[in-house]
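Below is one structure, written out as structure tokens; comments come after it.
Quick note: numbers below take in every heavy atom, side chains included, and nothing from hydrogens, waters or symmetry partners. Just so it is clear: chains get the letters A, B, ... in the order the sequence lines come, proteins before strands, and each one is counted from 1.
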Amino acid sequence: MELPIYLDNNATTPLDPRVLEAMLPYFTSKFGNAASRNHAFGWVAEEGVDYAREQAAKLIGCTEKEIIFTSGATEADNLGIKGVFEMYSDKGNHIITATTEHKAVLDTCKHLEKLGAKVTYLKVKEDGLIDLQELEAAMTEQTILVTIMYGNNEIGVVQPVKEISAIAHKFGALFMTDATQAVGKIPVDVNADGIDLMAFSAHKMYGPKGVGVLYVRRKNPRVKVTAQIDGGGHERGMRSGTLNVPGIVGLGKACELCRLEMDEEAKRLSKLRDKLEASLSQMEESYVNGNVEHRLPHVANISFKYVEGEGLMMAMKDLAVSSGSACTSASLEPSYVLKSLGLSDDLAHSSIRFGLGRFTTEEEIDYAIENTKKAVNHLRDLSPLWEMFKEGIDLSKIEWAEH
Amino acid sequence: MWRKNKMAYSEKVMEHYTNPRNVGTLNKDSKSVGTGLVGAPECGDVMRLQIEVDENNVITDAKFKTFGCGSAIASSSLATEWLKGKTVDEALTIDNMDIVEELALPPVKIHCSVLAEDAIKSAINDYRVKNGMEPIAMPKSHH
């Protein structure tokens, strides 16, 4: 076992060696521009792109023509939301999203508010799921788009996408989902789920960075988005720019592997995740964040009360994880996602996200459990709050000098 | 936001964090002990710093416990180290920028040193009030 151990697979995943192998020729001998129609170099590159498009389409149950390659999920989110807002401005200007979305969605919506969009930010329940009745109540005739993420990047909860899309469609709106954390991890089928637009990225599923997809439905209904990058009219005019052929080939290979191995991988990872979570939540005053039934198989988000996340990560020195702590941010605001669940600031500061992945082993999880326990105990020994809690002092009754 | 494990911590911060000096608790009810409790759990850092003062106004012992990031723990550990052996008046001259310099804290971590200075002054005030002296004016928190 090599140290440090990578448990931050929601941030990015390592490239699968099989993906790298598929990509390599497209950096060297197969270097052509996929748009060069008049010679073999172009045809070879285009073949690679076509195969990748087919693999991406197979993974999410759509046709090849519905796959628009982008530079990643952030661009796909931007293209989907801004493109729909612009294309459907005659129909309305209302967009519905949720407070726990990724910044690529939230900040795009905020940008559109400046351009005349009305945006409803749905709150989530304590478990991180949106309230379907609240969604329905928020729908108006002006609603053109409902955009709710598939699986959350911090806590892993999976939204009831089918029910959400049904509500959107009932009111004549389109449904978009940022499925960056879900595609390749759990079955996602755009038809069964009623998805009209969907963003995802290669580097969250063992593919390369810098390449992603916007799925745009072509039938029932035919969805159109206004291009946000103009130029040579690539990707059916929706996203100009010479195709990143090696990246796209890598994305395709990654999709293929996920489609073939997802079931088994999800089972293995959820077993490991449950082991990690069960051991760590046995510790006194530790809390699992988010709904534990409807969630991705590879994420655990746990708050260890009375220790601060960043300090804790320093003590977990052989583990690469993330924290919802905000000790370094100027605003001192902890994770907005955890706060949206109604978590108190101190619990949000105390949270650690463990993201397991394809290359995580049981040995690593066993090590992570011991290492985390040791770190939590060590920091609790240093924590005045832990001492006060142990003495039975009610911390909420103390007048803290908030700074 | 989500911060990654590997922060740009200086060697001195790492050293204090790994081997914190003077962790512990003094008897807060003793007349010779001053206790300062500063910060707030909601803000992600709380420091408790205690001093024990002898009849010559010399700080003979100092202890801390801190809830916070590595820099907050290192700042309070360093503070206890500096306090021991100083007179109370000398302790009052410790400035947060001395801590910033010694630990090479980056700008985003300056608030940790401010908190440590607050903790020192707050502990001294507790001691002063217990022993019938006027509290000194607290510096205005910069954060």
Side-chain angles (χ1 to χ4, degrees), chain A residues 4 7-8 10-11 103 153-154 305-337 344-353 378-388 395-396 398-403, chain B residues 1-9 13-14 16-25 28 35-50 63-74 76-77 105-112 114-115 118-119 122 138 140-143:
Chain A
L7 287 174
D8 203 12
N10 299 90
K103 287 283 180 190
N153 48 307
E154 291 193 22
K305 211 171 175 184
Y306 310 119
V307 296
E308 191 277 331
E310 193 187 323
L312 182 56
M313 284 196 297
M314 248 173 109
M316 299 158 68
K317 52 181 177 292
D318 294 326
L319 304 180
V321 294
S322 282
S323 168
S325 154
C327 199
T328 51
S329 80
S331 65
L332 294 173
E333 280 289 304
S335 153
Y336 67 91
V337 171
S344 61
D345 279 20
D346 59 328
L347 270 182
H349 278 297
S350 301
S351 70
I352 296 286
R353 176 184 69 181
H378 169 64
L379 284 174
R380 281 181 172 168
D381 286 344
L382 287 183
S383 169
L385 304 179
W386 179 250
E387 184 183 305
M388 291 157 95
L395 294 175
S396 65
I398 291 176
E399 270 186 49
W400 300 101
E402 296 212 19
H403 48 289
Chain B
M1 289 310 93
W2 295 86
R3 297 285 157 183
K4 294 297 158 269
N5 208 343
K6 185 154 172 81
M7 300 285 305
Y9 288 116
V13 168
M14 283 308 290
H16 272 278
Y17 176 81
T18 317
N19 307 298
R21 329 285 199 264
N22 310 310
V23 176
T25 308
K28 65 178 187 314
T35 300
L37 182 67
V38 296
E42 297 78 51
C43 304
D45 36 31
V46 174
M47 281 181 195
R48 191 194 61 198
L49 197 145
Q50 294 181 301
K63 296 274 186 211
F64 86 96
K65 279 198 177 185
T66 289
F67 162 85
C69 66
S71 301
I73 290 168
S76 32
S77 167
L105 295 181
V108 291
K109 296 295 188 185
I110 288 177
H111 72 273
C112 299
V114 174
L115 208 58
D118 285 358
S122 170
M138 285 293 285
K140 186 156 170 40
S141 260
H142 314 225
H143 34 275

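Interface residue V46(B): backbone and side-chain heavy atoms are both found under 4.5 Å from chain A.
A cation-pi arrangement is found for K103(A) relative to Y336(A), the charged atom lying closer than 6.0 Å to the ring centre and inside a 45° cone about the ring normal.
Chain A forms the most heavy-atom pairs under 4.5 Å with one residue out of S76(B), S71(B), P41(B), P107(B), and that residue is P41(B). Comparing S383(A), S344(A), P384(A) by heavy-atom pairs within less than 4.5 Å of chain B, the highest count is held by P384(A).
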Please step through side chain to side chain contact (heavy atoms under 4.5 Å, CB included) for the pair I398(A) and M388(A), ending with a clear verdict.
CA-CA 11 Å; I398(A) 291 176; M388(A) 291 157 95; 3.0 Å; yes

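Checked for salt-bridge contact, D381(A) and K65(B) miss the test: no charged N lies under 4.0 Å from a carboxylate O.
No side-chain heavy atom of Y306(A) sits under 4.5 Å from any side-chain heavy atom of L379(A).
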